[in-house]
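In what follows, every heavy atom counts, from backbone to side chain, and hydrogens, waters and symmetry copies are set aside.
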Amino acid sequence: MKKILTVAAALLTVTYAGAQNQFDRAKQVQLNTITTAVPFLQISPDSRAGAMGDAGVSSLPDVNSIHWNPSKLAFLEEDFGLGLSYSPWLRSIVPDMSLSYLSFFKKINTNSTIGGSLRYFSLGSITFTDVDGNVLREFKPAEFAIDAAYALKLSERLSTGVSLRYVNSNLTGGSVVQGAATKAGNSVAFDASVFYRSKRFKMGEKNAYVNLGANISNIGNKMNYSTSTQPDFIPSMLRFGPTLQLDLDEYNTVNLMLDFSKLLVPTPPVYQRDSANAIMYDADGQPMILEGKNPNVSPAQGVIQSFNDAPGGFKEELREFNVSFGAEYLYNKQIAVRGGYFYEHPSKGNRQYITMGAGLKYQVLNIDLSYLIPTTQNNPLANTLRLTLRFTVNKKSDTPAAVEDNG
C-alpha cells in the first residue's frame, strides 16, 4: 500500500504539479494546480515530439500523429506505417514503471487515412498491506488506452480528423482501500482536429511552408474508481500552434514549431474555511466558494467553464496555457537533430525542461531517441529517455503532385 501511494503521488507530481519544486516556491507563488484521472494520457508517447519540447500539433506528420493531431494522417505520403515507442518512466522514484506505445496508419485512398494505437502504462509491482503492515497481495497496476482514428483531406491544403478512445485504469485490482471497495476505472473519449498546410512561398531565396494545427482531445465521461467517491475528470485538452518549414537547399531542412496547450477541466476554486482551516458547507451540504466556480459539473460544462473559472481571473487563466517550442534539422530526410523547451507556470505545476534528440532513417526504418534535461532541481523527470522505431512502406503508385508540393 505504501508503494501505491508513492506511485499515485508521483504521477500527480510529474503530470501536473512538479511537487518536488512546489514546496520551495510555496512562499513566492500561490499554487492552484489542476489534477485529473489517468494523467498518463498527457505523456508524450514518442521520441520525435519528446525531443522537441513535447510540440507536435502542427509538425510534419508521422505514424504518431494519432496522439498529437489525427488530421495530420491525411497528409502522409506512405501507404502504411507502424510505430513502437518505449520509455522508462520516473525511474528515480519507481524503478519498474514504464510507458509503451504502439501505433499504425493505413492509407485508404488519396484523401482518406485510418489509424490506431495502443498506449500501455505500467506502474510496476506493488505490495498491498493491511493497517498492521501484514502483506495481503502482490499486484501490478496498469492503465491503457486504445485509439481508432480517421483523417480526411477536405482540400489540397486542409484536413480534418477524429479519433475514438477507450481508457482503462486498474490501480488497485479491486482491493479495499481505506475501507472502500474499489474497481477499475473506465472511460470513452474522442478527439477532433484540423490541420492546414500552406502553399510553398519564398523567405528570401529559400522555399518555405507554414503548418497550422489544432486538436481538442480526451472529451469524454468522468472516471470513477469507487461508488463511494466522486468521479474524476479525464485530461481533456486543447492544443494548437504553427510550424514553419524552411528548405535551405535540396538536402537541408529546418522545422520550427510552437505549441500552446490547456486543460479543459475546471480549476479548483478557493473555498471558505473556518478557524481550523476546514472547508465550510451551506445548509444544502455544498462547500462554500469564495472565488471561482463549482468544479462538480458535467464534462461538457467543464470544457466551457474551464475558460473563465480561475479564482485569480483572466491573469490566472493565461497561466493555465503551457508553451512548447521545438526545432528539427533534417539532412536528406535521413538524419535528424532535434531540440526543444517546455514551460508550465510555477503556480500550475512548474514543469520546465529542455529536450534534445536525434533520428536516423535507413530504408523503411526510422530510429528516434530523445532525452529530457530539467531546468529545476530534484525534478523526477530528470534523465527521461525515450526510444521509438518507425516502419513505413511507400505507395506503389506515384505520389500526387499536390503532395510533392507539400515537401
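Remark: Lys222 is positioned above the aromatic ring of Phe233, its terminal NZ or CZ atom under 6.0 angstrom from the ring centre and at most 45 degrees off the axis.
When all heavy atoms of Val57 and Gly241 are compared, the closest pair comes out as CG1-N, 3.6 Å. Contact detail for Pro311 and Pro269: the closest heavy-atom pair is CG-CA, 3.8 Å. The two residues Ala74 and Ala151 come nearest to each other via the heavy atoms N-CB, 3.6 Å. Smallest separation of non-hydrogen atoms from Asn383 and Pro374: N-CD, 4.5 Å. When all heavy atoms of Ala310 and Glu317 are compared, the pair lying nearest together is N-OE2, 2.8 Å.
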query: Does the side-chain hydrogen bond (donor to acceptor under 3.5 Å, both in side chains) test come out yes or no for Asn69 and Asn215, once each step is laid out?
result: CA-CA 6 Å; Asn69 184 343; Asn215 184 27; 5.6 Å; no
- request: Would you sort out whether Asp232 and Gln230 count as a side-chain hydrogen bond (donor to acceptor under 3.5 Å, both in side chains), showing the intermediate values?
  value: CA-CA 7 Å; Asp232 299 313; Gln230 289 286 342; over 6 Å; no
message: Using the rule given for salt bridge (Lys or Arg N to Asp or Glu O under 4.0 Å), can you reason through Glu316 versus Lys348, listing the C-alpha separation, both sets of side-chain angles and the distance that settles it, and then say yes or no?
response: CA-CA 9 Å; Glu316 184 175 350; Lys348 295 299 176 179; 2.7 Å; yes
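For Ser370, there are no side chain to side chain donor-acceptor pair (under 3.5 Å) partners at least two apart in sequence or on another chain. Every residue was checked against the side chain to side chain donor-acceptor pair (under 3.5 Å) condition with Lys315, not counting sequence neighbours, and none meets it. Taking the ring-ring contact (aromatic ring centres under 6.0 Å, His included) definition, one finds that Phe139 meets it with nothing, sequence neighbours left out.
Under a 4.0 Å N-O distance rule, the pair Glu328/Arg48 qualifies as a salt bridge. A salt bridge does not link Glu77 to Lys107: none of the charged side-chain nitrogens sits closer than 4.0 Å to a carboxylate oxygen. Arg338 and Asp368 are joined by a salt bridge, as a carboxylate oxygen and a charged side-chain nitrogen come within less than 4.0 angstrom of each other. Taking a cutoff of 4.0 Å between a charged side-chain nitrogen and a carboxylate oxygen, Arg165 and Asp191 qualify as a salt bridge.
Here the side chain of Lys72 pairs a donor or acceptor atom with the backbone of Ser59 at under 3.5 angstrom. No donor-acceptor distance shorter than 3.5 angstrom exists from the side chain of Asn207 to the backbone of Asp247, with no hydrogens or angles considered. In this structure a side-chain-to-backbone donor-acceptor pair under 3.5 Å is missing from Asn168 to Phe144. A donor-acceptor pair under 3.5 Å is absent between the side-chain atoms of Ser47 and the main chain of Gly50, judged by distance alone. Side-chain atoms of Thr355 come within 3.5 Å of backbone atoms of Gly53 as a donor-acceptor pair (strictly under, hydrogens ignored). Asn332 places no side-chain N or O within donor-acceptor distance of the main-chain N or O of Gln334, the cut-off being under 3.5 Å. Between the side chain of Asn218 and the main chain of Ile234, no donor-acceptor pair closer than 3.5 Å is present. Under a 3.5 Å cut-off, the side chain of Ser163 and the backbone N or O of Ala148 do not form any donor-acceptor pair. Counting only distance, with no hydrogens or angles, the side chain of Asn211 and the backbone of Ser58 share a donor-acceptor pair below 3.5 Å. Within the 3.5 Å criterion, the main-chain N or O of Leu385 finds a donor-acceptor partner in the side chain of Ser87.
Looking at heavy atoms from C-beta onward, Pro242 lies in side-chain contact with Leu212 at the 4.5 angstrom threshold. Between Leu330 and Ile335, every side-chain heavy-atom pair lies at or beyond the 4.5 Å cut-off. Using a 4.5 Å heavy-atom cutoff, the side chains of Gln272 and Ile289 are not in contact. Inter-residue side-chain proximity for Ser324 and Leu258 is flagged as unmet; no heavy-atom pair is nearer than 4.5 Å. Annotation: side chain of Met223 is in contact with side chain of Val167 (closest heavy-atom distance under 4.5 Å). Residues Lys361 and Asn366 meet the side-chain proximity criterion, which asks for heavy atoms closer than 4.5 Å. Proximity of Thr384 to Leu90: side-chain heavy atoms (C-beta onward) are nowhere separated by under 4.5 Å.
When the shell of 6.0 Å around NZ of Lys183 is examined, it contains more than 12 heavy atoms from other residues, nucleotides or ligands. No more than 12 heavy-atom neighbours from other residues, nucleotides or ligands sit within 6.0 angstrom of CZ on Phe314. Remark: Met203 CE is loosely packed, at most 12 non-hydrogen atoms of other residues, nucleotides or ligands lying under 6.0 Å away. Heavy atoms of other residues, nucleotides or ligands lying less than 6.0 angstrom from CD of Glu138 number more than 12.
To the nearest 0.5 Å, the span separating CD1 on Ile146 from OH on Tyr166 amounts to 7.5 Å. How far CG of Leu99 is from OG of Ser122: 10.0 Å, rounded to the nearest 0.5 Å. Separation of atoms CG (Leu73) and CZ (Phe104) is listed at 10.0 Å; rounding is to 0.5 Å. We find the OG-NZ distance between Ser159 and Lys153 to be 8.0 Å, quoted to the nearest 0.5 Å. Between Leu76 atom CG and Asp62 atom CG the span is 7.5 Å, to the nearest 0.5 Å. Separating the CG atom in Leu387 from the CD1 atom in Ile367 is a distance of 7.5 Å, to the nearest 0.5 Å.
For Thr267 and Asp309, the side-chain atoms include at least one donor-acceptor pair closer than 3.5 Å. At a cut-off of 3.5 Å, with distance as the only test, no side-chain donor of Tyr120 or Ser98 sits close to an acceptor on the other residue. If you check the side chains of Ser169 and Glu143, you find a donor sitting under 3.5 Å from an acceptor. Side-chain contact check for Thr253 and Gln245: no donor-acceptor pair (N or O, by modelled atom type) lies under 3.5 Å. Between Asn252 and Tyr329, the side chains place a donor N or O and an acceptor N or O closer than 3.5 Å (distance only, hydrogens not considered). Ser103 and Asn64 share a side-chain donor-acceptor pair at under 3.5 Å. In the model, Asp54 has a side-chain atom that pairs as donor or acceptor with a side-chain atom of Ser44 under 3.5 Å. In this structure, a donor-acceptor pair under 3.5 Å is absent between the side chains of Asp46 and Tyr101.
Taking the six-membered ring wherever Trp is involved, the centroid distance between the rings of Phe260 and Phe240 falls below 6.0 Å. A centroid separation of less than 6.0 Å is found between the aromatic rings of Tyr353 and Phe342. For Phe75 and Phe195, the ring centers sit closer than 6.0 Å to each other.
The salt bridge (Lys or Arg N to Asp or Glu O under 4.0 Å) analysis of residues 31-41, with sequence neighbours excluded, yields no pairs. Among residue pairs with one or both ends in residues 111-126, none qualify as salt bridge (Lys or Arg N to Asp or Glu O under 4.0 Å); sequence neighbours excluded.
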Acceptor/donor pairs from residues 299-307 side chains to any protein atom, 3.5 angstrom cut, sequence neighbours excluded:
| unit_1 | atom_1 | unit_2 | atom_2 | d |
| --- | --- | --- | --- | --- |
| Gln305 | NE2 | Asn294 | O | 3.0 |
| Ser306 | OG | Val303 | O | 2.6 |

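The aromatic rings of Phe121 and Phe40 sit parallel to each other, their planes meeting at less than 30°, with 60° as the upper class boundary.
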